[in-house]
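For the numbers below, each heavy atom of this structure counts, side chains included, while hydrogens, waters and symmetry mates do not. Every value quoted in this text rests on a predicted model; they were computed, and no experiment measured them.
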Amino acid sequence: MRFARTCWILALPVLLAACASDAPHHVFPPRASIQQLTIGPDGNWQLQLRIQNYSEVSETFAKVDAKIEIAGKDAGHVTTSPAMRIGPESVDVVETTLTPAPDAKAAVAALHAGSIRYKLAGHISTSDPAGEHDYTFEGELSPIPGLSGVLR
């Protein structure tokens, strides 16, 4: 009987700890990248920006602001306010338009095969939980066969 009572006394703190509030969730800086670039008939670029939430909690993305370089040339600046909620460790896409600088526009227009390097640098603002996150991302875009003016 004494052994059983001692086991219960020792087990009680463990049981109470299991009922306590959730463990803290980690919030990690998000990132944006170009999922797709489509050259419009007017020469402007339709960009699909891929927003990656690396956090263990859902976040509401209020603003994405980025300077874009293509083939080492300044392409321009995009700002979008998606007001979208992205689940933990998930991704979503927002579309925006960019009027590219002439040098970057010419570099993309001349690409028919292979790939072209790009860089995004800026910040992402979240409203829930509130945060400001600077980021830089470098990647490559390649023309999609059969889809004229589309790079991924």
Side-chain angles (χ1 to χ4, degrees), residues 13-152:
V14 173
L15 293 171
L16 289 175
C19 296
S21 65
D22 291 335
H25 294 287
H26 297 93
V27 176
F28 298 104
R31 181 179 76 191
S33 58
I34 298 175
Q35 180 165 305
Q36 181 172 297
L37 182 155
T38 304
I39 302 170
D42 59 359
N44 288 336
W45 294 348
Q46 304 301 314
L47 299 174
Q48 291 181 354
L49 295 179
R50 177 182 170 99
I51 303 172
Q52 179 76 45
N53 178 8
Y54 291 105
S55 297
E56 296 175 350
V57 297
S58 294
E59 292 188 86
T60 300
F61 288 81
K63 185 177 181 183
V64 178
D65 185 62
K67 176 184 172 190
I68 300 175
E69 291 179 11
I70 300 279
K73 297 166 178 42
D74 180 28
H77 193 96
V78 294
T79 300
T80 184
S81 300
M84 68 172 49
R85 190 145 187 91
I86 301 176
E89 300 173 0
S90 296
V91 65
D92 208 337
V93 176
V94 63
E95 294 188 13
T96 189
T97 302
L98 173 68
T99 302
D103 287 346
K105 184 177 181 177
V108 169
L111 183 67
H112 299 292
S115 63
I116 193 166
R117 297 215 34 93
Y118 76 92
K119 178 180 177 180
L120 292 178
H123 70 273
I124 298 174
S125 303
T126 56
S127 60
D128 180 28
E132 291 285 330
H133 309 279
D134 292 333
Y135 75 96
T136 300
F137 179 82
E138 294 187 38
E140 292 183 354
L141 294 168
S142 300
I144 303 303
L147 296 176
S148 180
V150 178
L151 292 86
R152 290 188 187 145

Point-to-point distance, once rounded to the nearest 0.5 Å, from [atom1] of [X] to [atom2] of [Y]:
{"X": "S127", "Y": "R85", "atom1": "OG", "atom2": "CZ", "value": "7.5 Å"}
{"X": "L147", "Y": "Q36", "atom1": "CG", "atom2": "CD", "value": "7.5 Å"}
{"X": "R152", "Y": "S142", "atom1": "CZ", "atom2": "OG", "value": "11.5 Å"}
{"X": "E89", "Y": "S58", "atom1": "CD", "atom2": "OG", "value": "10.5 Å"}
{"X": "F137", "Y": "I68", "atom1": "CZ", "atom2": "CD1", "value": "12.5 Å"}
{"X": "T38", "Y": "W45", "atom1": "OG1", "atom2": "CH2", "value": "11.5 Å"}

[Y] side chain reached by [X] side chain, heavy atoms, under 4.5 Å:
{"X": "D65", "Y": "T79", "result": "yes"}
{"X": "L151", "Y": "Y118", "result": "no"}
{"X": "T80", "Y": "L47", "result": "no"}
{"X": "V57", "Y": "V27", "result": "yes"}
{"X": "V108", "Y": "P100", "result": "no"}

Shortest non-hydrogen separation from [X] to [Y] and the atoms involved:
{"X": "A83", "Y": "T60", "value": "C-CG2, 4.5 Å"}
{"X": "L111", "Y": "P143", "value": "CD2-CD, 3.7 Å"}
{"X": "V91", "Y": "I86", "value": "N-CG2, 3.8 Å"}
{"X": "A32", "Y": "L120", "value": "O-CD1, 3.5 Å"}
{"X": "V94", "Y": "P82", "value": "CG2-CB, 3.8 Å"}
{"X": "E132", "Y": "S125", "value": "OE2-OG, 2.8 Å"}

Taking [X] for its side chain and [Y] for its backbone only, find out whether a donor-acceptor pair lies under 3.5 Å.
{"X": "Q52", "Y": "R31", "result": "no"}
{"X": "S115", "Y": "L141", "result": "no"}
{"X": "N53", "Y": "G87", "result": "yes"}

Check step by step if side-chain contact (heavy atoms from CB on, under 4.5 Å) holds for Q46 and E95. CA-CA 7 Å; Q46 304 301 314; E95 294 188 13; 5.6 Å; no

